[in-house]
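Read through the structure below, which is laid out as C-alpha cells, and then see the notes.
Convention: sequence-line order gives letters A, B, ...; per-chain numbering from 1.
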Amino acid sequence: MSIALVLEQLLNGVQLGVMLFTMASGLTLVFGVMGLINLSHGSLYMMGAFICAYVAGITGSFWVGLLAGALGAGVMGAIIELVVIRRLYDRDHLDQVLATFALILIFSEGTSWIFGASPLWLDMPDLLGGSVSLPGGVTYPLYRLMIILVGILIAIGLYLLISRTRIGMRIRAGENDREMIGALGVNISALYTFVFAVGAVLAGLAGSLLGVLQSVQVGMGEPMLILAFVVIVIGGIGSIKGALVGALLVGVVDTMGRIFLPSLFSLILDNADATSVGSALASMLIYLLMAVVLAVKPKGLFPANA
Amino acid sequence: MRKLSRESWINSVLVLLLALAPLCASLLDEPYYVSLASRVVIIAMAAVGLNLALGFGGLISFGHAAFFGLGGYVAGVAAYHAFDGSYFIGGIPGSDQMPVIWLVAVLVAGLAAAFIGVISLRTQGVYFIMITLAFAQMIYYFAISFPTYGGEDGLSIYVRNSLFSLDTSDPLIFFGICFFSLMLSIFFTRRLMGSRFGAALTMARLNEVRLATSGVEPFPIRLTAFVLSAMITSGAGALFADLNGFVSPSMLSWHHSGELMVIVILGGVGRLFGPVAGAVVFVLLETFIGGFTQHWQFFLGLILLSVVLFANGGLIGLLAGRSRHD
Amino acid sequence: MKRFVSAGVLALMAATSMTAVSALAETKVGMITTLSGGGSHLGIDVRDGFMLAIEQSKSDVEVIIRDDARKPELAKSLANEMLQKEKVDILTGIIWSNLAMAVIPEVVRDGTIYLSPNAGPSALAGKLCNENYFNVAWQNNNLHEAMGAYMKKEGLKAPFIIAPNYPAGVDALTGFKSYYGDVEGELFTKLGQTDYAAEIAQIKASKADSVFFFLPGGMGISFMKQYGGAEVGLPVFGPAFSFDEVILGAVGDAAIGVKNTSQWAHDMDNAANVAFVKSFKEKYGRTPTLYASQGFDTANLMLSALAKAAPSDAEAFRAALKAAEFESVRGAFKFGSNNHPIQNIYIREVVAGADGKPTNKLAGIAIENLQDAYASECKM
Amino acid sequence: MTEAVLRIEKLRKSFGALKATDDVTLDLKPGEIHALIGPNGAGKSTLIAQISGGLSPDSGHIYLGQENVTGLSIAARAKRGLGRCFQISSLAMPLSVRRNVMMASQAVTGTSFSFWKQTDRDLEQLEATEKVLARVGLLPRADVPVAELSHGERRQVEVACALALKPKVLLLDEPMAGMGAGGSERLTGFLEELKQEVPILLVEHDMDAVFRLADRISVLVYGQIIAQGSADMIRRDPVVREAYLGTEE
C-alpha cells in the first residue's frame, strides 16, 4: 500500500470528520446553551438537503440552493423552537428525547408527503467538479476539498462568534448561569431561538453540502444524527472544540478502520473471512471508540464545564 | 391494604381489559386480536423492564433494544440448534423448552448488562444515554454482519417453543403465558420497589449524595437495577421471538430502543402500570392509524408530541393525577 | 372493533357485489409492502404496478394494502392481521428479504399462497421452498450472476466488487463470483453507509479494470455520485437495483454509461410491455421501474390463475399459477421446479434520454434462461 | 490522653495554584465539640468534602478511629460511622421525612441488597427510624414530604438522618444557618446533650453558638489552621482577631 494512498485515506478521514463537525457543532451548541438533547437535528439536516435539491432543481443553480437549504433549515429550526422546543427547556432529558423523537417522525413522513418517496436529484456545481493534484502524489476531488475548507471556516466562524461577539458573550453567560443572564436584561428566549436557529442553519448547510455526495432521501438524517452524537459525546457535550476533535477522530478512525481492518485480518484469516470479520468490526469501531473514551473520561475529551 | 387509590383503580381496569379482550376475541373466533394482545403484552413487559431502570432508577437507557434483541436471539438460536440438532459454540445443544430459553436469555442479558453497566454507569446524564446507545449499536451491527444466525435476514423459529405440556401454538394459551409473565414482572417490580433495594434505588435517583451519606454505595445499586431491568426486557424479547416465530437485528435497532422509551414515557415514567398503558396505546396507534393512511407515522408523531407537551406524567398521570410518594 | 381499509381500495370494496360469482369476485388479496421511510419508492411502485393490472382487468378482486415501514416485526404482525382477521386468500407485496424471511415461511406453511413481487432470498428458493410460494421477480442472486457472466463474456479481466456487509450483500458477491471467478478486489461496506471516499480511493489505487457494485437504495445513489466526482475512469457495472428510473433521477449524469442487468427494461419491445409502460405513464405520470413491472406481472399472474381456479381449490389454483399463462411484460415467463422464474437476464445501458435525463436502454442479453442456483436444494 | 475518634493529618489539596487545604492537622476527641471557623473562602467546604469523602486530598491522611479512611468512598466512610449534615439541605424532597431517615438506618440495620422483604413490614428498621425521629422531635411530621417542611425542620431531618447512622463522629456543616432564634436555641441545647454520645465536628457561622458550644475551636484562613484551642484562647488570640474576627466586627 503506497504512502500516497495512506495519505489520501487520511484526507478522506479528515474530510468525513469535517462533515461530521458541521453537523455536530450545531448539536453541541444547542446542548451547551440550552441543555437540550435534540434528536430532530438530523431532520433539519434532511430539510436542508431537500430544500437545497428542490431549489437548485428549479433555479438551476446549486449556490442558490445551498443558500436556500441553509436558510430554510434555519427558518424551520426557528419555527420548531418557537412552537415546540421552548416548552422543553425546563423538562428533563427524557421528555426532550421523546418530543424530538416525535419530531423525527413528523419531519420524515411530512417530507415524503410533500416531496414524494423518491430520492431527489442534486448535483455538484460544474465549478467544483473534477480533482486537483496535491503534494505527495495525491489527486483529490475538488468538492471534497471545498468541504474541508467550509468546515474549517465554520469552526473559525463559531470560534469568533462565541469569543468575540456580544451574542457570543451572552451565549457563554447562558451556558454558565441561565438566571444570571436573564437578570442582565438579555432577552433570553430570543437568544435561545437564535442559538437554535444557528444550529439549524449549520445542520441545513451540512445537509445541502452533503446532499451533493449522498442520496437526498427521507431518513438520510438519522445515520448522521447518530454519528454526530457519537462525535459530541466523545468530544465532551457542549464543547465546540470537543466537537471538532471528536469529529476528526471519528472520521479518521472510521475511514482507516473500514479500509485497513480487512487487510489486517487477512494476515491471520483467509480472505473471505477476513473481509467479513474485518468489515463487521469496522462498522462497530466508532462505537467501540466511544465506549473506550467514556470508560476513561466519563465526560468526554473536553468536558465543557471543567 | 389501604383504600384503593385512583391510580390503582385505573390499573385494575387496564389489566382487566387486557385480560378480557383476547378472551372475547377468542370466543368471537378472531385469533388476530389475540395475537395482537400478545404483542401488546410482550412489548409492555419489555417496557416494564426499561421502566425499572429509567423510571425507578433514573437511568435513561437508550439501548434497551440490545437486551430485548438478545433475549430474542437466545430464543432464536436455541430453537435453531434444537431444530437441526447442531451445537452452539463449545458443543452446547439447542433447546426448544421455554423455561430453559428464558433462563438462558435472562442470564445472557444479565451478563451483557453487567458488562455494559460497569462501563456506562461511570457516566451520567446525556453521556449515559449515548453510551448505552453506542453499546446497542455495536451489538446491532454485529448481528447484521454475523452470518451464522442469518445476519440482517434474521432467524426463523419454525415451531413455537414449548412450555411443559401446554399447546403454545394456541394463540390464547400463548397469550396466557405472556400475560402471566407480564403480571409476574410487574409484581416483581412492585416487590422490588417496596424492598430495601427499592428504597436505595429511589434514593439513587432522587439524591445520590444522600444515598452515599447514608452509607450505601450508589454504583452497585444502580448496576443491579440496570441488570435486573435488562433481564426483564430480555425475557420479553424471548417471548417476542416466539410470538413472531422470528428474530432479526431490527429488534436490536435504535428505533426499537426509542420506541421502548416512548412507550414508558407515554404511559407514565416510574408508574408501575405506565408501560402497560403505553404499550396498549402505542401498538393500537401503530396498528390502526396504519390502516388509515400510509403517512401514519406523521400522525403518530403528532400524538406523541402532544402527549409530551400537554400530558406531563404520561397517560396514567393524565388519568390519575400526580404521582404519590410515600 | 372497526375495520379500516386502505383508501385506494374503497372503490374496489364498493364494487364487490353479489353479481359476479367467479373466483375473482370472492378473492381477497393482502399486500404488505413498504410505503413509508427509506426505500419506500420500491413498495410504492410494486403497489402501483399491481393495482394498475387489477384495474385493467376490471375484476372485483379485493386488495388490502398495508405499510410495513420496513420493520420485520410489523410485517409479521400485519401478516397475522391479513390471515386471521381479513382472511385473505393470497398474500403479496413484501420488498425486502429480511421481511420476507420473517413472514413468508410461516404463511406458506399454513397453506396461504404467497406471490413475491420483489424479494427472493436463497433459503426460499432452496431448503425452505414451498408449493405455496411463487416468486414472480427473481431469486436474489440472479442479476448478480448474470452480470458475472456478462463481464466474463465481455473480456473484463480484473473487476473490483463491492457490497454491504449483510446477507444479501454477501449473496450478491457470491453470485457474481460463481459466474465470473476470482476478482481483483472485494470490499464489504457498512449497511447504510453514506460516504464512500475511502472505498473509491481503494479502487483507484488497485489494478482493477472495472467495478461491480451492489449497493441498494440510497447507498447506491451516494456511491455513484461520489464515484462520478472522483474521476476514477473505470467502467461501472451493477444490478438493476441501483439503476431504476427513480435512482437515475437522483444520481443524474454520473450514471451515464453504466451497464446493469435486469430481467426487464421499459423499452422492451413486446406488446404487453408497450401497453404497460404507456398506461403506467398515463396513470401515474412517471416511467415505471422494474419494481412496477414486477408488481404488474404479479397481479397478472394471479389474475390468470384466478380465471382458472379458485384459491380455495388449492391444488388446481397452484397448478394454474405454475402454468404461468399470462402475458408477462418481460416476454416469455416460466417457473422452474422451485417456483422461481427461469428467465433471460438483459443488459441495459444508462443513456441520456430524449429529454436529456438519464434513462435505461436495452443493450442485449446477459444470459439466457437463467435458473437460480438453489433449485436443486428444493425438495417440493 | 484519650484516643481521638477522628484524626486528620497534614491534609493538602490544591486547585491549580490555589491551595485550598494547606497542611491541615486536627482531631476530634470523644465527648467534645470541635468547631471549625473561618471567613468565606477559607477552605472549610473543601476540608469537609475531603473528610466526608467527596474530594480526595493530594496528600495527607484521615483516620476514623484506628482506620485510615483516606481512600474510601463517601458511603464506606458513612458506614464506618461518619455522620454528616450538609450546608445546603440535601434530602430527597418528594419523599416523606420517614423515608429519608429510614434510608440512613438501612445501612446500619442490614444490607440494601434485599429484594423481597417489604420495608414497610420491616419492624427493626421502622423502630430504629421512629426512635431517631422522636429524639429530634419530628415524629408528628414523619409522613410529610420533605418538600413541604420549613427550612428549620429540614435541618432537623438532616440531623436525624445523620443520627440514624449511629455515627461515631458527626460532621455538621452550618446546622444553624437559616434557623430562627428559637430553633437555633433548641438545636444548641440538643447538640450540647448529644456530644456526650457522639463527638461533633462543627462548621458554623453563628459565633454565639460556636463560643457557647465548642470545647475546642480551629480557625481556618486561606487553607491553613492559624489557631487552635479553647473558646477563650481563640477569643483572645490576636492573630485570630486580626485575620478573622476583626473583619467581622
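- Your options are C/G220, C/A197, C/G218, and the one with the most heavy-atom pairs under 4.5 Å with chain A is C/A197.
- Each side chain to side chain donor-acceptor pair (under 3.5 Å) pair with one or both residues in residues 209-230 of chain C, not counting sequence neighbours, appears once here: A/R144-C/Q226.
- Looking at A/L122, the atoms closer than 4.5 Å to chain C (heavy atoms on both sides) sit in the backbone and in the side chain alike.
- Interface summary for chain C: among A/T255, A/V212, A/V218, A/V216, the most heavy-atom pairs under 4.5 angstrom belong to A/V212.
- In the displayed structure, A/Y140 atom OH is contacted under 6.0 Å by more than 12 heavy atoms of other residues, nucleotides or ligands.
- Closest approach of A/A49 and A/M220 over heavy atoms only: CB-CE, 3.6 Å.
- With salt bridges taken as basic N to acidic carboxylate O contacts below 4.0 Å, none links C/K283 and C/D48.
- Judged by distance alone, with hydrogens and angles left aside, the side-chain atoms of A/T22 form no donor-acceptor pair with the main-chain N or O of A/G151 at under 3.5 Å.
- Using a 4.5 Å cut-off between heavy atoms, C/V251 touches chain A through its backbone atoms (N, CA, C, O) alone.
- For chain C, the nearby part of A/M19 is the side chain; its heavy atoms alone come within less than 4.5 Å.
- Proximity to chain C is absent for every atom of A/A282, based on heavy atoms less than 4.5 angstrom apart.
- Both the backbone and the side chain of C/E199 come within less than 4.5 Å of a heavy atom of chain A.
- Taking chain A as the reference chain and counting heavy-atom pairs below 4.5 Å, the highest number among C/D195, C/I200, C/V246 is found for C/D195.
- No donor-acceptor pair closer than 3.5 Å links the side chain of C/S77 to the backbone N or O of C/E73.
- Ranked by non-hydrogen atom pairs under 4.5 Å with chain C, the options A/P223, A/P119, A/S108 are led by A/P119.
- Heavy-atom pairs under 4.5 Å with chain C peak, among A/E8, A/R258, A/Q217, at A/R258.
- In summary, the aromatic rings of C/F213 and C/F243 are positioned with their centroids under 6.0 Å apart.
- Under 3.5 Å, the side chains of C/H41 and C/T289 contain no donor-acceptor pair of N or O atoms.
- Across A/L210, A/L120, A/L142, the residue that shares the most heavy-atom pairs under 4.5 angstrom with chain C is A/L120.
- For C/Y196, the part sitting under 4.5 Å from any heavy atom of chain A is the backbone (N, CA, C, O) and nothing else.
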>> Set out, in order, the CA-CA distance, both residues' side-chain angles and the distance that settles ring-ring contact (aromatic ring centres under 6.0 Å, His included) for A/Y287 and A/F229, then state yes or no.
In response: CA-CA 11 Å; A/Y287 300 107; A/F229 265 118; over 10 Å; no

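- With a threshold of 4.5 angstrom between heavy atoms, A/E222 does not approach chain C through any atom at all.
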